[in-house]
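Reckoned from all heavy atoms, side chains included, excluding hydrogens, waters and symmetry mates. Numbered from 1 within each chain, the chains take letters A, B, ... in sequence-line order.
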Amino acid sequence: MRKELEKNYDPSQFEDRIYKSWCDSNYFAPDPDRTKPAYSIVIPPPNVTGQLHMGHALDQTLQDILIRTKRMQGYSTLWVPGTDHAGIATQIKVEENLRVNEGLTRYDLGRDKFLERVWDWKNKFGDRIISQLKKLGSSCDWSRERFTMDEGCSRAVREVFVNLYNKGLIYRGHRIINWCPHCLTALSDAEVEYKEMPGNFWHIKYPIKGEDGFVEIATTRPETMFGDTAVAVNPNDENTKHLIGKTLILPIVGREIPVIADDYVEIGFGTGCVKITPAHDPNDFLVGQRHNLEQIKVMNDDATMNSYAGKYEGLDRYVCRKALVSELLEKGYLVKTAEHTHNVGVCYRCGTTVEPLTSDQWFVKMKPLAKPAIEAVENGSVRFVPERFSKNYFNWMNNILDWCISRQLWWGHRIPAFYCESCSHMEVSKEDICVCPKCGGRMRQDEDVLDTWFSSALWPFSTMGWPDNTEDLKRYYPTSTLVTGYDIITFWVSRMIFSGIEHTGKKPFSTVLIHGLVRDAQGRKMSKSLGNGIDPLKIIESYGADALRFALATGNAPGNDMRFSDEKIEAARNFANKLWNASRFVLMNLTEDDGTLLGIDFSDANLAVEDKWIISEYNRLIKTVTDNIDNFEIGVALSEIYSFTWDKLCDWYIEMVKSRIFESGTESALCAKRVLVYVLTGVLKLLHPYMPFITEEIYQALPHTAESIMISDYPLYDEKKIFAKDEENVNRIIACITAIRSRRSEMNVPPSKKAKLYVVTKYKDAFLATEKILMKLASASELILLDEYTSDDAVMIATDLGSLYIPLAEVIDFEKEKARLGAEMKKNDAEIERLEKKLNNAGFVAKAPTEVVEAERAKLQKYLETRESLTVALNKLK
RNA sequence: GGAAGGUUAGCUCAGUUGGGAGAGCAUCUGCCUUACAAGCAGAGGGUCAUAGGUUCGAGCCCUAUACUUUCCACCA
């Protein structure tokens with residue numbers, strides 16, 4: 001029994017129901033048929049405690065469009081879902097919660113108790129994001145849902161860590177790293193953002209030992225002078241050369257430091273003399289290494305000063321800075337203070353200014369890993385869409401430094417390194433080690449955890465069971481397409497590429513489809529602090545998931561940011577409504593015995609010219625949509641479906657066949673109905689990947705062969721279903737009807753007023769084939785085909801079909817009509833002149849492709865015909 | 001400092017190998033025409049940022065300039 005469609009389109013009535021039916025039917029699981037080609041995607045795992053935002057919605061929509069298309073096209077599709085533990089972000093959230101609700105810190109609870117709390121949190125909110133993804137219609141295989149800290153992924157992490165360590169690609173070292181004094185952890189270079197901030201250049205005198213003079217240095221961070229272990233000058237700088245080798249006395253501190261030569265110092269910048277603080281500046285650190293300088297750390301982990309700062313010990317770095325500057329001023333060491341804006345690194349999670357400092361951390365040696373990963377993109381094995389983002393990638397990968405992977409957090413994968421408490425022997429191992437293999441002493445595991453992105457980097461294969469060579473891995477890895485935003489190319493995409501190549505010997509995916517950010521209606525980034533975020537769930541509630549998906553998938557080019565506005569979502573909803581109503585029309589006219597009439601035979605001689613027209617147009621649509629999807633031009637494909645559905649199917653075809661359909665019982669009516677069902681079903685299929693719910697709801701109400709539209713066959717382009725001649729004829733009539741309507745409207749003829757229509761045409765076939773349509777849609781009371789129209793009481797309309805005359809004597813102002821025709825003639829003549837000039841241009845005719853020249857000739861022909869008609873009409877008015 | 005985008009209708013944006021510019025929204029004029037007023041039929045509105053160049057032909061390719069966004073680098 002067929003279902004009826006409700007009178008009004010109300011997605012909330014069916015979206016959840018349909019989603020459940022898909023799940024119950026297990027349609028999201030990959031087809032086990034081994035003969036089908038594989039197509040796979042892994043989800044960019046959202047933060048486990050995060051809330052769905054527009055970025056997710058866009059990301060999900062694009063992936064689902066690809067997956068659903070491929071599934072219908074006969075691929076065995078796998079879309080692996082899951083979530084990320086998001087180390088710092090989650091830990092901060094739980095700590096904040098703990099502080100607000102219980103006034104406790106994580107240290108009050110201790111590591112184990114605290115981690116229990118985080119797991120509680122994860123279990124409580126971990127399902128929320130997943131259920132939100134489902135609201136969007138995502139066709140992920142939920143039975144394969146993964147979490148970066150589940151057993152399998154954790155095993156992969158250990159495997160990778162140990163392998164890299166054994167290859168010498170992971171090492172522990174004392175290096176300068178980015179330290180967040182708020183999160184109390186090291187950060188990788190990628191996790192530091194730079195913000196422009198106003199600051200000062202303080203010029204300070206460093207007295208020269210044994211002389212009266214001094215050296216003037218300029219610094220933006222005077223408080224680090226407690227850690228100065230040299231002053232550097234450029235050996236080629238004539239102005240400062242003489243200082244090399246001298247000894248300086250640090251003001252206030254009194255410690256002696258040397259003047260060294262290093263070409264890191266830029267000649268002509270500042271005073272030419274640079275204080276060197278190896279423990280608190282990345283560049284100074286390198287200078288220190290070159291010159292064997294001592295590293296003096298002057299701050300504690302929370303960015304308060306330590307004992308090296310003498311009486312400033314315990315003060316915050318900025319409080320210290322202020323006090324120190326006053327003291328320097330008092331004592332005459334401060335030469336001047338200049339304003340200076342500079343970029344300051346801040347923690348990407350909490351925004352605190354990071355402190356570069358030396359510390360013992362774990363690193364991944366990047367150069368050897370980066371090389372094959374760069375090559376993979378260079379040789380096209382991994383392809384970015386749009387292509388320009390590969391430049392982004394190269395820029396990062398070519399300049400990459402070693403990756404600091406240890407974090408002083410509790411939430412994350414604990415580093416599998418074990419230290420002996422007795423003999424300090426260290427072992428790195430996949431299994432826990434309790435007893436020292438050297439001395440039998442007790443081993444304790446490294447306190448630190450790994451950077452969240454360390455596990456994300458393994459996501460494409462860890463989710464498929466690696467390091468075991470599972471069936472999934474064999475069948476679905478490497479994955480086909482990765483869909484993500486350009487903002488995490490460095491964080492995530494690049495790391496997946498080198499990890500995949502290193503650990504599986506294969507690239508993790510073939511294509512990286514990059515999308516932009518979803519911004520608010522004013523173009524601002526959506527953010528919590530601005531409070532301008534738009535909640536996708538609210539949008540779904542009031543407009544439906546299909547409308548949201550439509551709004552996100554259309555109207556912007558790949559990789560570009562897009563603005564989300566009410567207008568856009570309303571337009572999307574209106575389209576859904578249009579489709580809904582058109583479908584209702586089709587269904588209303590579907591008599592019971594039509595129910596089996598699918599798969600219409602197109603050799604059927606009963607097909608009217610307009611039937612062939614819409615079938616041809618539909619067939620062309622299939623090609624356009626398929627081609628565009630193949631090129632990842634998802635938005636273009638969708639707008640093609642949109643304009644076909646609205647402009648061709650609804651505005652023309654349905655209007656054209658209405659009168660036929662109402663002649664019930666005739667073969668002609670039946671035929672139109674068959675075509676309607678055929679074309680509508682086809683459009684629904686093409687549209688299904690974009691708007692899965694509404695298309696399914698309508699599909700179920702139509703006569704259908706597949707259980708669900710989502711597992712039905714995707715339409716295929718068929719050259720035999722292009723009826724070029726009929727298309728041409730119908731297009732002529734369409735142009736004709738439009739011209740008539742336009743003239744009537746100009747002349748304020750009410751739509752209800754019908755008028756005789758005289759037609760003078762050399763396209764008699766086209767006219768005869770479409771007579772009825774012309775009559776109805778052009779509001780004609782009678783059609784009269786003539787060889788020549790002789791009276792002068794009619795409005796003449798020059799069209800592609802020929803000259804049309806509407807006798808509307810009472811509304812014609814002859815002078816006005818003459819003027820109008822004259823103006824039209826002038827415009828027409830201008831076109832003729834332009835085309836003749838072009839066609840008389842020997843260069844054009846010789847060099848342009850013949851089809852272009854032919855097209856121009858045809859146009860000229862048309863304008864010449866129009867001139868004839870206009871001339872006749874004008875002569876009559878004289 | 002390096003790099004990549006953007007500049008097209010009043011607004012937001014498309015424009016896929018170069019062949020006389022499109023959509024949605026907004027505006028104006030008519031319509032409750034038996035699927036749809038979340039609709040129908042018409043209409044107006046653009047020196048495609050500027051200046052050069054290549055070409056028979058440039059919104060599209062090249063060079064320069066202006067304004068703008070983003071990424072990377074950089075706390076002397």
Side-chain angles (χ1 to χ4, degrees), chain A residues 5 7-9 194 197 199 201 217-221 224 231-232 264-266 269-277 280-284 340 342-345 353-354 356 386 388-389 391-392 394-396 399 486-487 489-490 516-517 521 523 554-557 559-563 565-568 570-589 627-628 631 633 635-636 639 642-643 650-651 654-655 658 662 738 741-746 748-752 776-777 779 831 834-835 838 841-849 851-853 855-856 859:
Chain A
L5 291 189
K7 177 113 178 26
N8 295 313
Y9 168 63
Y194 288 88
M197 289 189 195
F201 246 147
I217 60 98
T219 180
T220 57
R221 310 193 53 207
T224 61
V231 163
Y264 151 67
V265 180
E266 196 185 318
F269 187 83
T271 61
C273 305
V274 182
K275 67 193 265 307
I276 300 297
T277 322
H280 285 282
D281 180 279
N283 288 309
D284 293 5
H340 177 64
H342 54 169
N343 283 326
V344 177
T353 303
V354 300
R388 68 183 135 96
F389 288 102
K391 284 179 190 155
N392 240 354
F394 290 135
N395 183 40
W396 174 257
N399 299 302
Y486 60 71
D487 49 332
I489 292 174
T490 50
L517 267 38
T554 191
N556 87 309
N560 287 358
D561 289 353
M562 67 178 305
R563 300 187 190 204
S565 61
D566 290 346
E567 288 161 14
K568 233 169 231 175
E570 277 167 19
R573 188 267 323 266
N574 291 354
F575 175 63
N577 185 53
K578 186 74 183 176
L579 178 69
W580 184 263
N581 281 301
S583 303
R584 279 182 55 232
F585 175 79
V586 174
L587 289 162
M588 266 174 198
N589 295 292
D627 289 352
N628 276 297
N631 292 325
E633 292 281 359
V636 177
S639 62
Y642 175 97
S643 60
C650 294
D651 287 351
I654 290 181
E655 294 307 324
K658 263 183 183 167
F662 295 141
T738 306
R741 284 173 175 170
S742 177
R743 281 300 285 135
R744 288 176 59 110
S745 172
E746 264 174 56
N748 299 319
V749 181
S752 52
K776 178 159 189 239
L777 299 186
S779 304
E831 285 300 304
R834 185 180 67 79
L835 287 165
K838 199 168 181 181
N841 180 339
F844 173 72
V845 178
K847 294 187 181 175
E851 60 268 25
V852 172
V853 178
E856 296 296 86
K859 266 191 231 167

Problem - Residues A:Arg573, A:Glu570: salt bridge by 4.0 Å N-O rule - result: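 No salt bridge links A:Arg573 with A:Glu570.
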Which nucleotide in the list [options] gets nearest to the side chain of [X]?
X        : options             : result
A:Met588 : B:A35, B:A76, B:G30 : B:A35
A:Asn556 : B:C56, B:C25, B:C13 : B:C13
A:Tyr486 : B:U12, B:U70, B:C36 : B:U70
A:Asp651 : B:C72, B:A41, B:A35 : B:A41
A:Asp281 : B:G19, B:C75, B:A35 : B:C75
A:Thr353 : B:G30, B:A35, B:C75 : B:C75
A:Asn577 : B:A38, B:G42, B:A76 : B:A38
A:Trp396 : B:A76, B:C72, B:A35 : B:C72
A:Lys859 : B:U16, B:C36, B:G20 : B:G20

With respect to the phosphate group of [N], does any side-chain polar atom (N or O) of [X] fall under 4.0 Å of OP1 or OP2?
X        : N     : answer
A:Thr220 : B:A76 : yes
A:Asn574 : B:C36 : no
A:Tyr9   : B:A38 : no
A:Asn581 : B:A37 : no
A:Lys578 : B:C40 : yes
A:Ser742 : B:A43 : yes
A:Lys568 : B:C13 : no

Rounded to the nearest angstrom, tell me the gap between atom [atom1] in [X] and atom [atom2] in [N].
X        : N     : atom1 : atom2 : answer
A:Arg744 : B:U33 : CZ    : C1'   : 12 Å
A:Asp487 : B:C72 : CG    : P     : 10 Å
A:Glu570 : B:G24 : CD    : P     : 15 Å
A:Asn748 : B:C28 : CG    : C1'   : 13 Å
A:Asn8   : B:G39 : CG    : P     : 13 Å
A:Lys847 : B:A58 : NZ    : C1'   : 16 Å
A:Glu856 : B:G18 : CD    : C1'   : 14 Å
A:Phe389 : B:U70 : CZ    : P     : 14 Å

On a plain distance test, is the side chain of [X] in donor-acceptor contact with the base of [N] below 3.5 Å?
X        : N     : result
A:Glu633 : B:A14 : no
A:Asn343 : B:C74 : yes
A:Arg388 : B:G5  : no
A:Arg741 : B:A41 : no

Nearest atoms (heavy-atom pairs only) where [X] meets [Y]:
X        : Y        : answer
A:Phe201 : A:Ala218 : CD2-CB, 3.9 Å
A:Pro356 : A:Arg221 : CD-NH1, 4.0 Å
A:Thr554 : A:Gly635 : OG1-O, 3.9 Å

In whole Å, what separates the [atom1] atom of [N] from that of [M]?
N     : M     : atom1 : value
B:C36 : B:C31 : C1'   : 15 Å
B:G59 : B:A43 : C1'   : 26 Å
B:A35 : B:G30 : P     : 26 Å
B:C40 : B:U16 : P     : 28 Å
B:A4  : B:U63 : P     : 11 Å
B:C71 : B:A64 : P     : 25 Å
B:A9  : B:A14 : P     : 13 Å
B:C67 : B:C74 : P     : 27 Å

Exercise for the section: Dump the intermediate steps for side chain to side chain contact (heavy atoms under 4.5 Å, CB included) on A:Val344 and A:His342, then the final yes or no. Expected result: CA-CA 6 Å; A:Val344 177; A:His342 54 169; 3.9 Å; yes
Does [X] reach a base, just sugar-phosphate, or nothing at all? Heavy atoms under 4.0 Å.
X        : value
A:Phe269 : base
A:Pro750 : nothing
A:Tyr194 : base
A:Glu266 : base
A:Ala848 : base

Practice task
Using the side chain to side chain contact (heavy atoms under 4.5 Å, CB included) rule, take A:Asn8 and A:Trp580 through it: C-alpha gap first, then chi angles, then the decisive distance, then the call.
Solution key: CA-CA 8 Å; A:Asn8 295 313; A:Trp580 184 263; 5.8 Å; no
Exercise for the section: Between A:Val636 and A:Ser745, just flag the one whose closest nucleotide in RNA chain B comes earlier from the 5' side. Expected result: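 With A:Val636 and A:Ser745 compared, the 5'-side residue is A:Val636.
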Handout entry: Which residue lies more 5' along RNA chain B, comparing A:Ala557 with A:Val845 via nearest heavy atoms
Key = A:Ala557
Problem - Sub-4.5 Å side-chain heavy-atom contact between A:Leu777 and A:Arg741 - result: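 Yes. Closest side-chain heavy atoms under 4.5 Å.
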Practice task
Treat a base pair as Watson-Crick or G-U wobble with both distances under 3.5 Å, then lay out RNA chain B in dot-bracket form, 5' to 3', with | for cross-strand pairs.
Solution key: (((((((..((((.....[..)))).(((((.......))))).....(((((..]....))))))))))))....
Practice task
Nearest 0.5 Å please: distance from the CG atom of A:Asp284 over to the CD1 atom of A:Ile276.
Solution key: 4.0 Å
Exercise for the section: Identify which one of A:Asn577, A:Asn581, A:Asn574, A:Leu579 satisfies the side-chain contact (heavy atoms from CB on, under 4.5 Å) criterion when paired with A:Tyr9. Expected result: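 Single pass found, and it is A:Asn577.
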Exercise for the section: Go through the steps for A:Thr224 and A:Asp281 under the test side chain to side chain contact (heavy atoms under 4.5 Å, CB included), then give the verdict. Expected result: CA-CA 9 Å; A:Thr224 61; A:Asp281 180 279; over 6 Å; no
Problem - A:Lys578 charged N/C atom sitting above A:Tyr642 aromatic ring, 6.0 Å / 45° - result: no
